[in-house]
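Computed from a predicted model, the values in this text were never measured in an experiment. Below, each value reflects all heavy atoms present in this structure, side chains not excepted, and no hydrogens, waters or symmetry copies. In each ligand, atom 1 is the first atom listed, and ligand 1 is the first ligand listed.
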Amino acid sequence: MDDIDRLRAEYAGRASRLAHSDKYSLFDAANLFTMQQRRRDVIALLKRHGLTPLADKCVLEIGCGTGGVLIEWLQYGVRPDCLYGVELLPQRIAQAQRLLSHLPLIQGDGRHTAYRDSAFDIVLQFTVLSSILDRDVQQALANEMLRVLKPGGVILSYDFWLNPTNKQTVGMTKRRLRGLFPDSTLAFYRTTLAPPMARRIVPVSWLAATLLEKFALFNSHYLAVIRPNHPNNS
Ligand SMILES: C[S@@+](CC[C@H](N)C(=O)[O-])C[C@H]1O[C@@H](n2cnc3c(N)ncnc32)[C@H](O)[C@@H]1O
């Protein structure tokens with residue numbers, strides 16, 4: 001079984017396991033905390049890197065899943081006709097398309113998309129690379145992100161660097177992410193209180209969880225801004 005087949009099987013199993021679960025719903029306090037904090041961090045990062053306003057930017061999310069991240073980017077101000085998504089798994093993209101029928105979303109393999117070279121100002125990868133175990137598949141995805149990026153554009157990555165309990169994922173450490181983008185400059189921001197801790201602490205004290213996250217020692221993810229050093233010579 002290659003890595004793409006493994007991924008299909010993994011997500012089919014996951015869909016049935018989580019069918020009646022609130023774990024990833026905003027009605028779960030820990031998940032609400034995680035999503036809100038992530039939004040704050042993404043917004044701060046967009047400002048810090050001079051990426052706003054977004055109304056004049058074209059954005060692509062590779063591995064957009066069921067559309068949760070795209071909804072956030074619509075709210076940040078990306079125009080619906082300039083917010084693109086590609087997703088491998090038909091059931092997941094179908095769900096995104098039902099929710100966001102006015103967006104150009106397609107089913108496909110992010111390693112080989114039909115987008116022209118240099119089409120996007122920002123390319124997003126949110127927890128996609130970590131869901132791929134095969135280094136060559138990861139690299140092909142990274143190369144495709146670089147191909148479709150405009151000169152002067154950025155790739156924005158949000159992924160965990162440590163998730164020891166899930167053997168179907170690989171932590172995207174600084175070293176691994178740098179290895180996939182060797183000719184780019186990467187800026188890293190440690191974010192997201194590790195979900196097992198958030199699940200324990202948030203229901204007891206939102207404030208304590210907020211302080212712990214600021215402290216960053218127990219944060220499990222990196223937001224990374226990836227800028228190619230030689231735009232589109234790759
Ligand atoms: C953990 S989910 C994240 C979904 C979304 N980015 C989010 O944060 O809500 C990872 C997604 O990447 C998709 N994916 C993995 N490999 C892919 C590939 N080669 N092309 C397109 N999508 C892919 C998976 O099917 C899955 O929907």
- Among I122, L149, V148, whose side chain to side chain contact (heavy atoms under 4.5 Å, CB included) with I155 holds? L149

- Item | Residue-ligand contact G67/ligand 1, heavy atom below 4.0 Å | no

- Any N or O on S131 sitting closer than 3.5 Å to an N or O of ligand 1? no

- Any N/O of V128 closer than 3.5 Å to an N/O of ligand 1? no

- Query: Considering only heavy atoms of E61, which atoms of ligand 1 have at least one such atom less than 4.0 Å away?
  - Reply: 5 (C), 6 (N)

- Query: Quick one: does I62 get a heavy atom under 4.0 Å from ligand 1?
  - Reply: no

- Message: Once rounded to the nearest 0.5 Å, what's the spacing between atom CG of L105 and atom CG of L83?
- Response: 7.5 Å

- Have Q138 and R176 got a donor and an acceptor in their side chains that come within less than 3.5 Å? no

- Residue pair Q139 / N143, side-chain donor-acceptor N/O under 3.5 Å: yes

- Task: Give the single entry among R92, R111, H112, R38 that approaches atom 27 (O) of ligand 1 most closely by any heavy atom.
- Result: R92

- Query: Heavy-atom distance under 4.5 Å between the side chains of M145 and F120, does that happen here?
  - Reply: no

- Query: Between the side chains of Y158 and T192, does any donor sit under 3.5 Å from an acceptor?
  - Reply: yes

- Query: Which atoms of ligand 1 are found less than 4.0 Å from any heavy atom of L141?
  - Reply: 19 (N)

- Message: Can you tell me which residue among L180, D136, V128 is in a side chain to side chain contact (heavy atoms under 4.5 Å, CB included) with L141?
- Response: V128

- What residue among R79, K57, R227, K150 forms salt bridge (Lys or Arg N to Asp or Glu O under 4.0 Å) with D121? K150

- Under 4.0 Å from any heavy atom of L89, which atoms of ligand 1 are there? 25 (O)

- Query: Any N or O of F126 that comes nearer than 3.5 Å to an N or O of ligand 1?
  - Reply: yes

- Task: With heavy atoms of V69 as the reference, note each atom of ligand 1 found under 4.0 Å away.
- Result: 7 (C), 8 (O), 9 (O)

- Cation over ring, R38 on F126, under 6.0 Å and within 45°? no

- Ligand-side contact atoms (ligand 1) for residue partner G110, heavy atom cut-off under 4.0 Å: 18 (C), 19 (N), 20 (N), 21 (C)

- Query: What is the closest protein heavy atom to atom 24 (C) of ligand 1, and at what distance does it sit?
  - Reply: E87 OE2, 3.5 Å

- Message: To check your reading of the model: name the closest protein heavy atom to atom 5 (C) of ligand 1, its residue, and the distance in Å.
- Response: G63 O, 3.4 Å

- Item | For atom 3 (C) of ligand 1, the protein heavy atom that lies nearest, with its residue and separation | T127 OG1, 3.3 Å

- For D109, atoms of ligand 1 separated by under 4.0 Å from a heavy atom: 18 (C), 19 (N), 20 (N)

- Query: Can you check whether W73 reaches L156 side chain to side chain, under 4.5 Å on heavy atoms?
  - Reply: yes

- Message: Could you identify the single nearest non-hydrogen protein atom to atom 2 (S) of ligand 1 and state the distance to 0.1 Å?
- Response: Y11 OH, 3.1 Å

- Message: Counting only heavy atoms closer than 4.0 Å, does ligand 1 sit against the backbone of L7, its side chain, both, or neither?
- Response: side chain

- Report the part of Q125 (side chain from C-beta onward, or backbone N, CA, C, O) that has a heavy atom under 4.0 Å from ligand 1; answer both or neither where that applies. neither

- Check whether the side chains of S25 and N31 place a donor and an acceptor atom closer than 3.5 Å, and report yes or no. no

- Query: Is it the case that one hydrophobic cluster holds both Y222 and L193, taking links as side-chain heavy atoms less than 4.5 Å apart, direct or via other members?
  - Reply: no

- Short N or O distance, L88 and ligand 1, threshold 3.5 Å exclusive: yes

- Below 4.0 angstrom from a heavy atom of G108, which ligand 1 atoms are there? Numbered from 1 as shown, please. 20 (N), 21 (C)

